[in-house]
Amino acid sequence: MAKKLITVHVNGKAQEKAVEPRTLLIHFLREDLNLTGAHIGCETSHCGACTVDIDGQSVKSCTHLAVQCDGAEVLTVEGLASKGVLHAVQEGFYKEHGLQCGFCTPGMLMRAYRFLQENPNPSEEEIRHGMAGNLCRCTGYQNIVKAVQYAAKKLQEPVTA
Ligand code: FES
Ligand code: FES
């Protein structure tokens with residue numbers, strides 16, 4: 001199949017690549033751009049380990065074609081920290097021990113990043129529901145809820161110079 005030239009803005013940088021139309025976004029990110037934070041945990045769109053942010057929405061990148069992202073803004077876990085300072089969601093997972101093996105973590109972080117913009121002050125139930133598209137086999141989710149609560153609180157703090 002002929003390749004198609006696409007430009008995808010990933011973590012603020014334009015990436016121009018020729019891809020086959022059938023290339024899944026997760027493979028484009030991992031294999032063409034070497035952004036290997038997003039993981040593959042299933043073939044049935046359940047686990048959410050591949051979750052990235054596309055044009056302001058959480059998307060499972062295993063169920064999206066790279067060619068569909070021509071011109072789109074994509075954010076991956078590698079783009080969350082700014083000038084070496086962790087984003088509040090990363091700090092939350094770190095402080096509250098929201099990860100063990102770390103395989104689900106990039107997807108969890110990207111989902112939490114978007115979820116807290118959708119719902120800046122969520123209840124525990126809303127967090128569990130809002131993160132329900134992301135499976136974790138290690139943590140039992142309890143500390144992930146705490147991590148999201150930590151990040152929500154941190155994001156509400158007034159910014160100090
Ligand atoms: S790899 Fe499991 S939902 Fe994408
Ligand atoms: S930390 Fe291992 S799968 Fe979530």
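Hydrogens, waters and symmetry mates play no part in the numbers below; they use all other heavy atoms, side chains included. Indexing begins at 1, ligand by ligand and atom by atom, following the structure's order. If you're wondering where the values come from, they're calculated on a predicted model, not measured in any experiment.
Ring geometry for H87 versus Y113: interplanar angle over 60°, hence perpendicular rather than tilted (30 to 60°).
Taking every heavy atom of C136 and a limit of under 4.0 angstrom, the matching atoms of ligand 2 come to 1 (S), 3 (S), 4 (Fe). Heavy-atom proximity to G41, at under 4.0 Å, picks out these atoms of ligand 1: 1 (S). Less than 4.0 angstrom separates some heavy atom of C62 from each of these atoms of ligand 1: 1 (S), 3 (S), 4 (Fe). Close contacts between ligand 2 and G102 involve ligand atoms 1 (S), 2 (Fe) [criterion: under 4.0 Å to a heavy atom]. Under a 4.0 Å criterion applied to the non-hydrogen atoms of S45, ligand 1 contributes the atoms 3 (S). Distances below 4.0 Å separate heavy atoms of C47 from the following atoms of ligand 1: 1 (S), 2 (Fe), 3 (S).
Among the backbone and side-chain atoms of C101, no N/O/S atom is found under 2.8 Å from atom 4 (Fe) of ligand 2. Checking C42 against atom 4 (Fe) of ligand 1, every N/O/S atom stays at or beyond the 2.8 Å cut-off. At a cut-off of 2.8 Å, C50 is counted among the residues with an N, O or S atom near atom 4 (Fe) of ligand 1. Among the atoms of C104, an N, O or S atom falls under 2.8 Å of atom 4 (Fe) of ligand 2. Among the atoms of H46, no N, O or S atom falls under 2.8 Å of atom 2 (Fe) of ligand 1.
In this structure, the side chains of L116 and V89 come closer than 4.5 Å at one or more pairs of heavy atoms.
Proximity annotation for atom 1 (S) of ligand 2: of M108, R137, Q100, Q100 comes nearest, heavy atoms only.
Just one residue in the list R111, E118, R114 forms a side-chain hydrogen bond (donor to acceptor under 3.5 Å, both in side chains) with S58, and that residue is R111. Considering L75, V10, N11, L25 as possible partners of V52, the one that fulfils the side-chain contact (heavy atoms from CB on, under 4.5 Å) test is L25.
Among protein heavy atoms, the minimum distance from atom 3 (S) of ligand 1 is reached at G48 N, 3.2 Å.
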